[in-house]
Amino acid sequence: MTDENMNLVSETTDVAEDIAAEEVVAENVVSDETAAVTYDDEAEMKRYLENRRKKALEDLKKPYDKDALLEVRHLRKCFPLKKTLTGNVTSELIAVDDVSFKLKAGETLGIVGESGCGKTTLGRAILKLHEPTLGRIIFEGQDITDYNSAKMREIRKKMQIIFQDPYSSLPPRSTVGGILSESVEVHKIVPKNEIKDYVLDLMDKCGLRDYYYERYPHEFSGGQRQRICIARALSVNPSLVICDEPVSALDVSIQAQIINLLKKLQQDMNLAYVFISHDLSVVKFISDKIGVMYLGSMMEFGNKKDIFDNPLHPYTKALFSAIPQPDPDIKMNRVILNGDIPSPANPPKGCRFHTRCPYAKEICKHITPEYKEYGEGHFAACHLLEE
C-alpha cells in the first residue's frame with residue numbers, strides 16, 4: 001500500500017471515530033433531556049387544581065358585567081356514580097367542567113362538540129334544570145345560582161328552552177291551544193279573557209294557522225311540532241332561549257325554515273339564544289359567538305369570525321375540516337382523529353384531548369393547559385399556542 005493510500009485510510013478512520021463520538025454525545029444529551037423532563041402527575045394535577053381554584057375565587061369576586069344578559073362563571077356539574085353507605089361520593093362523572101362565558105341581549109352563542117361533550121347539560125344547568133355543582137350563573141345582573149324553586153318561578157318566564165325532539169316534548173292529550181295557553185295562564189301574562197287572542201297572535205308569528213288551535217300534536221309533522229315548541233317557549237315573553245339541537249330531527253328543507261324563523265323572532269323580540277348543535281354550517285349561519293366543547297371543558301371560545309377564520313385549537317380545526325363543501329373542485333384537507341372519546345367518568349390526565357390529538361407532546365400527557373385569551377375575546381386551552 002502506498003503512503004498516499006495509508007494517509008487516506010487514516011483520515012477516514014479518524015472521521016468515522018469523530019462521527020461516532022458525536023453520536024454518543026448526542027445520545028447522552030437526549031437521554032439527559034429525557035431524564036430531566038419528568039412529571040409527577042399527582043403533583044401537577046394538585047398544582048393545576050389549586051391555581052384554578054385561586055383564579056375562580058378571584059373571578060367570582062369581580063363585579064357583574066352590566067352589559068351582559070347572561071354571565072356564566074366557572075360552571076361545573078358533576079353526577080355521582082358511586083356512593084358509600086353514609087352518602088359520600090366515591091366516583092363521579094364530570095359533565096361540565098369550569099365553563100365561563102358572557103352573552104348580551106340579542107346575541108346568539110353557538111355551542112358545538114361531539115356527542116357526550118356536555119352541551120345539553122350546560123344548557124340545562126344554566127336554566128337550573130340541573131343544579132350546578134360549582135360556579136355562578138348571573139342573569140340580568142342577579143346571581144340565580146342558589147335560587148330555590150320558589151324564587152326561580154319568576155325567573156322561568158325570562159329563561160326558556162326548546163328541546164331536541166319535537167315528538168316527545170309535547171303532551172299528546174292536550175290541544176295546541178291548551179299547550180300554549182297553560183303557561184300564559186300560570187304566569188298571568190295577559191288577563192284570562194285575552195288569552196285566546198294572545199295565543200292566536202303568537203301562533204301566527206310562528207307560522208301556525210289559527211285552525212290548528214283545536215288540533216292535537218299527533219296530527220302535525222315534525223317541522224310543525226317544532227314550531228309549536230318554539231311558540232310555547234316564547235309564550236311567556238322570555239329574553240333568553242336555550243335551543244337544544246332544535247333542528248337535528250328535521251329534514252334539511254325544514255331545518256332552513258326553522259332557522260329562518262328563529263332569526264326573525266330574535267330580531268323582532270330581541271332574544272338571546274344559546275344554540276346547541278352538531279351542524280357547524282347551521283351554527284355559522286345563526287351564531288355571533290361560538291364555544292367548542294370537549295369532554296365537558298371549553299376548548300375554544302370567541303367571535304364567529306375569529307373562530308372560523310383563525311381556529312386555534314387542534315380539536316376545532318378537526319371539526320371544521322369535516323364540514324362538507326358543495327364545490328367538488330375544492331380539495332378537503334380532512335384532519336382524522338384516531339381513537340374513541342374517553343369516558344367523562346375517567347378523563348385522561350393532562351390535556352383531555354391529547355389521546356386523539358395529532359400534535360400531542362409529552363407535556364400534553366401530564367399538565368393541563370391553561371385556558372387563556374390569545375386575542376380580543378378569543379380564548380383557547382392548548383400547550384402548542386404557548387410556544
Side-chain angles (χ1 to χ4, degrees), residues 72 74-75 94-103 107-123 243-245 248 273-326 330-342 344 347-348 350-361 363-365 367-387:
V72 175
H74 301 280
L75 186 65
I94 305 173
V96 178
D97 191 19
D98 198 39
V99 172
S100 302
F101 63 84
K102 296 178 183 178
L103 184 64
E107 285 187 336
T108 300
L109 168 63
I111 302 293
V112 300
E114 295 169 289
S115 297
C117 69
K119 304 186 300 295
T120 296
T121 304
L122 173 63
C243 304
D244 185 11
E245 302 192 40
S248 63
Y273 292 145
V274 176
F275 194 90
I276 299 167
S277 179
H278 289 280
D279 193 332
L280 292 168
S281 301
V282 172
V283 170
K284 184 178 182 180
F285 177 75
I286 198 172
S287 300
D288 301 300
K289 299 177 179 177
I290 295 177
V292 182
M293 291 187 67
Y294 183 80
L295 273 187
S297 296
M298 193 71 80
M299 296 285 105
E300 188 169 353
F301 180 88
N303 296 321
K304 174 176 66 176
K305 188 177 186 306
D306 294 334
I307 294 291
F308 274 89
D309 292 349
N310 182 33
L312 299 178
H313 200 279
Y315 180 60
T316 309
K317 295 177 182 178
L319 288 180
F320 287 178
S321 73
I323 301 176
Q325 297 293 337
I330 296 178
K331 184 179 179 181
M332 297 180 62
N333 297 318
R334 285 293 308 275
V335 178
I336 306 299
L337 300 179
N338 298 320
D340 297 325
I341 303 175
C351 176
R352 296 190 174 186
F353 184 57
H354 85 261
T355 58
R356 305 175 69 200
C357 180
Y359 312 106
K361 297 185 176 182
I363 189 175
C364 303
K365 302 176 183 179
I367 300 178
T368 305
E370 185 180 354
Y371 184 70
K372 296 194 301 187
E373 188 173 13
Y374 290 93
E376 187 176 354
H378 195 171
F379 296 83
C382 182
H383 289 298
L384 300 174
L385 302 175
E386 299 174 4
E387 297 179 355

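When a residue number appears, it is its place in the shown sequence, counting from 1. The shown structure was predicted, so the numbers you read here are calculated from the model rather than taken from an experiment.
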If I take atom [atom1] from residue [X] and atom [atom2] from residue [Y], how far apart are they, to the nearest 0.5 angstrom?
{"X": "K372", "Y": "H378", "atom1": "NZ", "atom2": "NE2", "value": "14.0 Å"}
{"X": "I286", "Y": "T108", "atom1": "CD1", "atom2": "OG1", "value": "5.5 Å"}
{"X": "C243", "Y": "I111", "atom1": "SG", "atom2": "CD1", "value": "11.5 Å"}
{"X": "K289", "Y": "K304", "atom1": "NZ", "atom2": "NZ", "value": "13.0 Å"}
{"X": "F275", "Y": "E245", "atom1": "CZ", "atom2": "CD", "value": "9.0 Å"}
{"X": "K317", "Y": "L312", "atom1": "NZ", "atom2": "CG", "value": "7.0 Å"}

Least distance between heavy atoms, [X] atom then [Y] atom:
{"X": "G110", "Y": "V283", "value": "CA-CG1, 4.1 Å"}
{"X": "L109", "Y": "G291", "value": "CD1-N, 4.0 Å"}
{"X": "S321", "Y": "A318", "value": "OG-O, 2.8 Å"}
{"X": "P348", "Y": "H354", "value": "CB-CE1, 3.8 Å"}
{"X": "D340", "Y": "R356", "value": "O-CD, 3.6 Å"}
{"X": "H278", "Y": "S115", "value": "CE1-OG, 3.3 Å"}

Inset, instruction - Hey, can you tell me if Y371 and F379 have their rings parallel, tilted or perpendicular (30° and 60° cut-offs)? - result: parallel
Inset, instruction - Check the angle between the aromatic planes of F308 and F320 and answer parallel, tilted or perpendicular using the 30° and 60° thresholds. - result: parallel
Report yes if some heavy atom in the side chain of [X] is under 4.5 Å from a heavy atom in the side chain of [Y]; otherwise report no.
{"X": "P344", "Y": "I94", "value": "no"}
{"X": "L384", "Y": "K361", "value": "yes"}
{"X": "M299", "Y": "C382", "value": "no"}
{"X": "P342", "Y": "L295", "value": "yes"}
{"X": "I341", "Y": "E114", "value": "yes"}
{"X": "M293", "Y": "F301", "value": "no"}
{"X": "H74", "Y": "D98", "value": "yes"}
{"X": "R352", "Y": "Y315", "value": "no"}

Inset, instruction - Assess whether side-chain contact (heavy atoms from CB on, under 4.5 Å) is satisfied between H313 and F353, documenting all intermediate values. - result: CA-CA 10 Å; H313 200 279; F353 184 57; 3.8 Å; yes
Quick check on [X]: does its [atom1] atom have over 12 non-hydrogen neighbours (other residues, nucleotides or ligands) under 6.0 Å away?
{"X": "K284", "atom1": "NZ", "result": "no"}
{"X": "E386", "atom1": "CD", "result": "yes"}
{"X": "K305", "atom1": "NZ", "result": "no"}

Legend entry - T368 (side chain) donor-acceptor with G350 (main chain) under 3.5 angstrom: yes
Legend entry - Main-chain N/O of I307 paired to E300 side chain as donor or acceptor, under 3.5 Å: no
Legend entry - side chain to side chain contact (heavy atoms under 4.5 Å, CB included) partner of T316, chosen from I290, V112, L280, V292: V292
